[in-house]
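Contents: one structure, followed by commentary.
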2 protein chains.
Amino acid sequence: MGDIPDAGEPTLEEQIAAYQREFQGLDPQVEKIVSALSRLNRRMNVAYGRQTAELGISNAEWEVLKALVLSGAPYRMGPSDLAKRLGLTPAAMTHRIDRMVAEGLVHRERDESNRVRVIIELTSEGREKWLEAMRLASVFEEDLLQDLTPAERAVLGEVLTRLLRRVEHAQPDAGGRLNDLE
Amino acid sequence: MGDIPDAGEPTLEEQIAAYQREFQGLDPQVEKIVSALSRLNRRMNVAYGRQTAELGISNAEWEVLKALVLSGAPYRMGPSDLAKRLGLTPAAMTHRIDRMVAEGLVHRERDESNRVRVIIELTSEGREKWLEAMRLASVFEEDLLQDLTPAERAVLGEVLTRLLRRVEHAQPDAGGRLNDLE
DNA sequence: GCTTCGAAGTTTAGTTTCGAACTCTTCAGA
DNA sequence: TCTGAAGAGTTCGAAACTAAACTTCGAAGC
C-alpha cells in the first residue's frame, strides 16, 4: 500500500521511459519537469476539492469567492469581469451566480447608475467561507512544501515565475514555438 | 501591450499582495510558488489545446491517445482502465470512445476470450495524430524551458518530483495536514 | 447443474458548460 | 430628438460530464 500513486497510473519514471520508447529525440529532463508539473497540479486540485467539499462548496464556487476577495473591499465585480477572470463564458457565469445567490454566498443587484450593469457582491457568509477555505489551504500548502530548504524554495519560486512570464508574454504559433507578442 | 498577462487577471505580484492584505499569517514565498504553479499549468494547457485543435482533435481526445500510446504496443486497453487512467467515470469513457471511433482514432471490439470485456485499440491514424501532437508539444516544451540553466533544470526536476511524491503518498485530512498513508 | 455474486460496460437522468441568438441600456452622430 | 451601433447580461439549445440504475457475462459455492 502507498506505493501505487493512483489507480492504474504509471509512476513518473515509468511514464518517462514510455515516452522515450514511443517518441524519439525527447529530452528526458524536459519531459520529467513537464510531467511532474502537470501531475502535481492535478493532485493539488484534488486536495483543494476535498477541502472545499468539506465546507459545503464546490471548487468552482471557491474560485468565484477567491476572485471577489482578491478584488479587495467592497468585494464587488460585474459578471463579465468575473467571467473573464475565471475563463468562463458569460452564460456559464450567469448560471454559476444563480447557484451562489441561492446559497447566500453572493448578492446580485442591478447597478442603478448604469442599468445595463449588474453588481455581484460578496456576502459576509461568502467571505467567511473563503476564510475557512484559506485556513485549510494554507495549512496544506505549508505542509506540502515543508521538506524544501530555504534555498530550494527560493529557486523554485524564482524559476516558476520566470517560466510563467515566458508563457504569459508569448504564445506558441502553429509550429509550437513561442513568439514574443511584443 | 504584452504587459497584460490575461484579460482582467492581476499580475502574480498583485495577487500575492492581495492575499497578504486579505488573509493574515500567510507565507508570501509559499503562496508565490503555489500560485505560479497553478497559473503556469493553466497556460500550458491552453497552449496544448491550441496545438491539438490545429490537428483537428480535442484536448480530451489527445489524453486518450496518450494513454494508449504509453501503454505500449499493441496499444490496447479496456474502457475501465482508460477511465481510471484519465480520472473519468465509465459512462463518460463510453461516450468519448464513441466519438473517437466515429473519427477513426480508435477501434472498438469485443474481447472474444472474455465477452464481458471490450478492447479499445489505437488505429494507425490515431497513432499518427499522437505523433504529430507530440512533435508540436515537444517543441513548445523545449522552447518554454530554454532559458533555464542545466543546474536550474536539475533542481526543478528534482524538487518537483519530491513534491509529487509527497502528495501522491499522502492525502490531506480534514484539517489540511498531510498524513502518510503508509 | 443451478444459483448467486461481482465485474465490465452501457444507458438514463440531471448538472455544468459553451456557442449563438436575443433583450435591454447607453452613447454617438445626424 | 431620433436612430444606429456597441456593450452587458440572460436565455436557449447542444455538448460533455457525473451518479446511479441496468444488462450481460464469468466465476465460485452448494
Side-chain angles (χ1 to χ4, degrees), chain A residues 6-8 42 45-46 48-50 52-53 56-68 71 76-103 105-121, chain B residues 6-8 42 45-46 48-50 52-53 56-68 71 76-103 105-121:
Chain A
D6 202 11
R42 207 169 348 126
N45 283 336
V46 170
Y48 289 135
R50 249 191 278 262
T52 55
I57 63 177
S58 70
N59 233 328
E61 289 167 333
W62 184 45
E63 300 256 323
V64 177
L65 297 180
K66 182 165 72 176
L68 283 168
S71 77
R76 297 169 157 218
M77 292 180 76
S80 301
D81 301 325
L82 275 172
K84 276 192 215 112
R85 177 78 186 68
L86 301 183
L88 293 180
T89 60
M93 204 65 238
T94 294
H95 296 314
R96 201 182 274 192
I97 289 168
D98 286 346
R99 280 171 260 149
M100 295 181 70
V101 167
E103 292 164 9
L105 297 171
V106 300
H107 176 69
R108 166 158 44 190
E109 72 181 304
R110 173 157 269 108
D111 183 349
E112 289 305 330
S113 73
N114 183 341
R115 298 178 42 72
V116 171
R117 289 171 188 273
V118 168
I119 299 176
I120 307 303
E121 180 173 342
Chain B
D6 202 13
R42 206 168 351 127
N45 283 336
V46 170
Y48 289 136
R50 249 192 278 262
T52 55
I57 63 177
S58 70
N59 232 329
E61 289 167 333
W62 184 44
E63 300 257 323
V64 177
L65 297 180
K66 181 164 73 176
L68 283 168
S71 77
R76 298 170 156 215
M77 292 179 77
S80 301
D81 301 325
L82 275 171
K84 275 190 215 114
R85 178 77 187 68
L86 302 184
L88 293 179
T89 60
M93 204 64 239
T94 294
H95 296 315
R96 200 181 275 193
I97 290 169
D98 286 347
R99 294 189 295 265
M100 295 182 71
V101 167
E103 293 165 8
L105 296 171
V106 301
H107 176 69
R108 167 158 43 190
E109 70 181 304
R110 173 157 269 106
D111 183 348
E112 289 305 331
S113 73
N114 184 342
R115 298 177 45 72
V116 172
R117 290 172 186 273
V118 168
I119 299 175
I120 307 303
E121 180 174 343

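The structure presented is a predicted model; accordingly, all values stated were derived computationally and were not measured. A, B, ... follow the sequence lines: proteins, then strands. Residue 1 opens every chain.
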- Shortest side-chain distance from A:P90, nucleotide among C:dT11, D:dC17, D:dT10: D:dT10

- Item | Rounded distance in Å - CE (B:M93) to C1' (D:dC17) | 12 Å

- Query: Is any side-chain heavy atom of B:L105 closer than 4.5 Å to a side-chain heavy atom of B:R99?
  - Reply: no

- Calculate the interatomic distance between A:K84 atom NZ and D:dA8 atom C1'; express it in whole Å. 10 Å

- Item | Interatomic spacing from CD1 in A:I120 to CD1 in A:I97 - rounded to 0.5 Å | 4.0 Å

- Query: Relative to the 5' end of DNA chain C, which residue comes earlier, A:S113 or A:A60, by the nucleotide with the nearest heavy atom?
  - Reply: A:A60

- Item | Between C1' of D:dA19 and NE2 of B:H95, the distance in whole Å | 12 Å

- Task: Give one of base, sugar-phosphate or nothing for B:P79, where a contact means two heavy atoms less than 4.0 Å apart.
- Result: sugar-phosphate

- Query: In terms of side-chain heavy atoms of B:A92, which of C:dT25, D:dT18, D:dG9 is nearest?
  - Reply: D:dT18

- Round to a whole Å and report the spacing from CG of A:D98 to P of D:dG9. 13 Å

- Heavy atoms under 4.0 Å, any strand shown: does A:R108 hit a base, just sugar-phosphate, or nothing? sugar-phosphate

- Short side-chain to backbone donor-acceptor contact, B:R108 and B:V101, under 3.5 Å: no

- Message: Any non-hydrogen side-chain atom of B:T94 less than 4.5 Å from a side-chain atom of B:P79?
- Response: no

- Item | Phosphate OP1/OP2 of D:dA16: any B:R99 side-chain N/O under 4.0 Å | yes

- Could you tell me the separation between the CG atom of A:N59 and the C1' atom of C:dT17, rounded to a whole number of Å? 16 Å

- D:dA16 phosphate, OP1 or OP2, under 4.0 Å from B:R96 side-chain N/O: no

- To the nearest Å, give me how far apart CG (A:D81) and C1' (D:dG7) are. 12 Å

- Task: Tell me whether the OP1 or OP2 atom of C:dG9 has a side-chain N or O from B:S80 closer than 4.0 Å.
- Result: yes

- Message: Donor-acceptor check, side chain of A:E61 to backbone of A:S58, threshold 3.5 angstrom: yes or no?
- Response: yes

- The nucleotide from D:dG9, C:dG9, D:dT18 with an atom nearest the side chain of B:A91 is D:dT18

- Task: Would you kindly compare A:L88 and B:V116 by the position of their nearest DNA chain C nucleotide and give the one closer to the 5′ end?
- Result: B:V116

- Starting at atom CD1 of B:I120, determine the distance to atom C1' of C:dA8, rounded to an integer number of angstrom. 12 Å

- Task: Round to a whole Å and report the spacing from CZ of A:R110 to C1' of C:dT26.
- Result: 13 Å

- Item | Side chain of A:R117 - closest among C:dA8, C:dT12, D:dA8 | D:dA8

